[in-house]
Number of protein chains: 2
Amino acid sequence: MPFPQTEIPGRLQAELAARGIRMTEQRRAILKVIETAKKHLAAGQILRKAQRLNAAVDRSTVYRTLELLKRHRMVDELDLMHMDGDGHYYERKLARDHIHMACLRCGKITEFMSEIFDSLKQQLERDCRFSIVVARLEVGGYCSECRH
Amino acid sequence: MPFPQTEIPGRLQAELAARGIRMTEQRRAILKVIETAKKHLAAGQILRKAQRLNAAVDRSTVYRTLELLKRHRMVDELDLMHMDGDGHYYERKLARDHIHMACLRCGKITEFMSEIFDSLKQQLERDCRFSIVVARLEVGGYCSECRH
DNA sequence: ATTCTAGTTGCGAATCAGTCGCAACTTCAG
DNA sequence: CTGAAGTTGCGACTGATTCGCAACTAGAAT
Ligand SMILES: [Mn+2]
Ligand SMILES: [Mn+2]
Ligand SMILES: [Zn+2]
Ligand SMILES: [Zn+2]
C-alpha cells in the first residue's frame, strides 16, 4: 500500500520566494502550519494554529493566503465528504497525487497512491484530450475496521 | 468515449415509493426537476425550477429532499471544482459511476465513464479493504477546445 | 540607509448557502 | 373516514467565506 510521503520543511516559503511573491510574518506562520500539519486542516484550524505562532494573523489573511496557494498549485483543496460541517480541507500538494478515502463511521481519512489512478489520468488526457490541472478522487465508505 | 446515459422518467418517484417513502406534491416537483435536468444543478436552481412546477415549494424542502435522496443514494453531490461560488451540484445517480471534468476556462463539464476507473475502485476495495459507498473523481483543467 | 510604491493586512460589515424549531398541514394505513 | 406519523413553510439563525477600505509593510530602486 503506497502512501504519500511528507515534505522538506521550509519548502513552501522557498517556492513562493522563487516565484517572486512577497513574504510576510503572517504568511510565514500560515505556511509553517500547512507544512507541519499531520492531517488535513480546515481554514479555521489553520487560523487558530497560525495565531499561536503569530497572534496578529487574521481570518481574512488565512483565506487570502489559501487562495494564493491554490492559485500557485501549492495546496490542494479537499472536501472529504464534508466530514464535519461545510467547509473544505487543505493540504500541501506533493509531487504525486493521492486518493482520499473517508470513513463515514469513524471519520478516519485514508490516503493512497495508485498506478491505476495515474493511468486513469493519462487516459483522460489522451481519450478526452483534456489537459488536467488538478484531479481529486474522494471516496466515502467504510474503513477496514468499521465495515462489518 | 463512453458517456453516461439518461434515465427512464418517473423512475425516482417509483424508487422512493418502493422504499415506502411518502410522496408529496413538493417532492414530485423536485424529483421531476432532477430527472429531467440536462445538466448538473445547484440547490438554488433546483428550487427555482421546482417552484415553476409548484409555487409552494420552499427552500428548506429542497434541501431536505436532497438530503433524503443522498441518504438513499439516488442522487450524487458534486463539487465541480466550485465552478461558480461555493455550493454543490446534484445529479441523478445512475447505475455506473462517471467522472467529471470541469474546464477552468469555458466552464464546460465533460462526463466520462472508464473501465480503468472501475478497476481503480476495485483496487481500493481490495488493497485498502475499504467498502466504497460513493466515489467522486473530479478533474479541473482545460477541455479540448480551451487548452492551447 | 532612505525613499517609494505596489502589495498586503486587519477590521468590521456584508453575504449567502444551508440549517433549525415549531406549529400547521398532509399522507396513507387501517 | 380517521389519526398518527411524517412533511411542510416560515422566519430566524448559523457559520463559513468575502469584501471595501484605510493603515501598514516588503523589498526594489535610489
Ligand atoms: Mn465542496
Ligand atoms: Mn454527471
Ligand atoms: Zn472507520
Ligand atoms: Zn473549455
Side-chain angles (χ1 to χ4, degrees), chain A residues 12-31 33 40-72 74-75 77-90, chain B residues 12-14 16-33 40-72 74-75 77-90:
Chain A
L12 271 179
Q13 225 187 101
E15 270 182 53
L16 275 185
R19 302 191 197 216
I21 286 158
R22 276 195 202 174
M23 193 47 51
T24 64
E25 284 310 312
Q26 292 83 331
R27 284 186 180 164
R28 251 185 280 278
I30 294 166
L31 295 179
V33 169
H40 308 91
L41 300 175
Q45 301 175 295
I46 295 175
L47 172 63
R48 262 168 276 124
K49 281 172 183 284
Q51 284 178 331
R52 250 175 263 145
L53 301 176
N54 178 340
V57 178
D58 185 76
R59 195 162 23 102
S60 331
T61 304
V62 169
Y63 284 110
R64 290 193 274 233
T65 303
L66 286 172
E67 205 50 53
L68 176 75
L69 294 171
K70 270 195 285 177
R71 218 179 316 126
H72 285 272
M74 293 166 65
V75 298
E77 188 176 45
L78 309 172
D79 256 27
L80 304 183
M81 307 328 262
H82 312 121
M83 289 311 291
D84 184 64
D86 7 20
H88 293 134
Y89 296 87
Y90 300 88
Chain B
L12 273 179
Q13 224 186 104
L16 276 184
R19 302 191 197 216
I21 287 158
R22 277 196 199 173
M23 193 46 51
T24 64
E25 284 310 312
Q26 291 84 331
R27 283 185 180 165
R28 249 185 281 278
I30 294 166
L31 296 179
K32 183 162 206 172
V33 168
H40 309 92
L41 299 175
Q45 301 176 293
I46 295 174
L47 171 62
R48 263 168 276 124
K49 281 172 183 284
Q51 284 178 331
R52 251 175 261 145
L53 300 176
N54 179 340
V57 179
D58 184 76
R59 190 161 32 103
S60 334
T61 305
V62 169
Y63 285 110
R64 289 193 274 235
T65 303
L66 286 172
E67 208 48 55
L68 176 76
L69 294 171
K70 269 195 284 179
R71 218 180 315 125
H72 285 272
M74 292 166 63
V75 298
E77 189 175 42
L78 310 171
D79 255 27
L80 303 183
M81 308 325 264
H82 314 120
M83 289 310 291
D84 185 63
D86 12 18
H88 292 137
Y89 296 86
Y90 300 89

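A, B, ... follow the sequence lines: proteins, then strands. Residue 1 opens every chain.
- Distance Asp84(A) CG to dT19(C) P: 13 Å, rounded to the nearest Å.
- Among residues two or more places apart in sequence or in another chain, the salt bridge (charged side-chain N to carboxylate O under 4.0 Å, His left out) test is passed with Arg71(A) by none.
- The side chain of Gln26(B) contributes no N or O atom lying less than 4.0 Å from OP1 or OP2 of dT26(C).
- Atom-to-atom, CZ of Arg71(B) to P of dT7(D) comes out at 9 Å; the value is rounded to the nearest Å.
- Each of Glu67(A) and Val57(B) was matched to the nucleotide of DNA chain D holding its nearest heavy atom; the match closer to the 5' end belongs to Val57(B).
- At a threshold of 4.0 angstrom between heavy atoms, the contacts of Ala42(B) with the nucleic acid are absent.
- Residues Arg59(A) and Tyr63(B) each lie close to DNA chain C; by heavy-atom proximity, the contact nearer the 5' end of the strand is made by Arg59(A).
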What string of B, S and - do you get for nucleotides 25-30 of chain D, 5' to 3', if B is base contact, S is sugar-phosphate-only contact and - is no contact with any protein heavy atom under 4.0 Å? BBS---
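- Rounded to an integer number of Å, the gap from Leu31(A) CG to dT8(C) P is 13 Å.
- Going from atom NE2 of His82(A) over to atom C1' of dT17(D) covers 14 Å, rounded to whole Å.
- Using a 4.0 Å heavy-atom criterion, one finds that His88(B) contacts the sugar-phosphate atoms exclusively.
- Using a 4.0 Å cut-off between a side-chain N of Lys or Arg and a carboxylate O of Asp or Glu, Glu67(B) and Lys70(B) qualify as a salt bridge.
- The side chain of Asp58(A) approaches dC11(C) more closely than any other nucleotide in the set dG9(D), dC11(C), dT18(D).
- Leu47(B) has its CG atom 11 Å from the P atom of dC10(D), to the nearest Å.
- When side chains are defined from C-beta on, Met74(B) counts as touching Arg19(B), because their heavy atoms get closer than 4.5 Å.
- Proximity of Asp79(B) to His88(B): side-chain heavy atoms (C-beta onward) are separated by under 4.5 Å at one or more points.
- Between Glu77(B) and Tyr89(B), the side chains place no donor N or O within less than 3.5 Å of an acceptor N or O (distance only, hydrogens not considered).
- Residue-level contact check: Arg27(A) touches the backbone only, with heavy atoms under 4.0 Å from sugar-phosphate atoms and none from bases.
- Looking at which nucleotide of DNA chain D each of Gly44(A) and Arg64(A) is closest to, the 5′-most match is held by Gly44(A).
- Inter-axis angle, ends of the helix from dA1(C)-dT30(D) to dG30(C)-dC1(D), five pairs per end, rounded to 10 degrees: 40°.
- In this structure, Ile30(B) atom CD1 and dT8(D) atom C1' are separated by 10 Å, rounded to whole Å.
- Using a 4.5 Å heavy-atom threshold, the side chains of Leu16(A) and Leu69(A) count as touching.
- Nearest heavy atoms, Ala43(A) versus Val62(A): O-CG1, 3.9 Å.
- Put simply, the side chain of Gln26(B) never gets that close to the backbone of Val57(B): no donor and acceptor are under 3.5 Å apart.
- In terms of position on DNA chain C, the residue among Ser60(B) and Asp86(B) whose nearest nucleotide sits closer to the 5' end is Asp86(B).
- Without hydrogens or angle criteria, Arg27(A) side chain to Thr65(A) main chain gives no donor-acceptor distance under 3.5 Å.
- Asn54(B) places its CG atom 16 Å from the P atom of dC25(C), with the value rounded to the nearest Å.
- Within the 4.5 Å cutoff, the side chain of Asn54(B) has no heavy atoms near those of the Arg28(B) side chain.
- What separates CG of Asp79(A) from P of dG18(C) is a distance of 12 Å, to the nearest Å.
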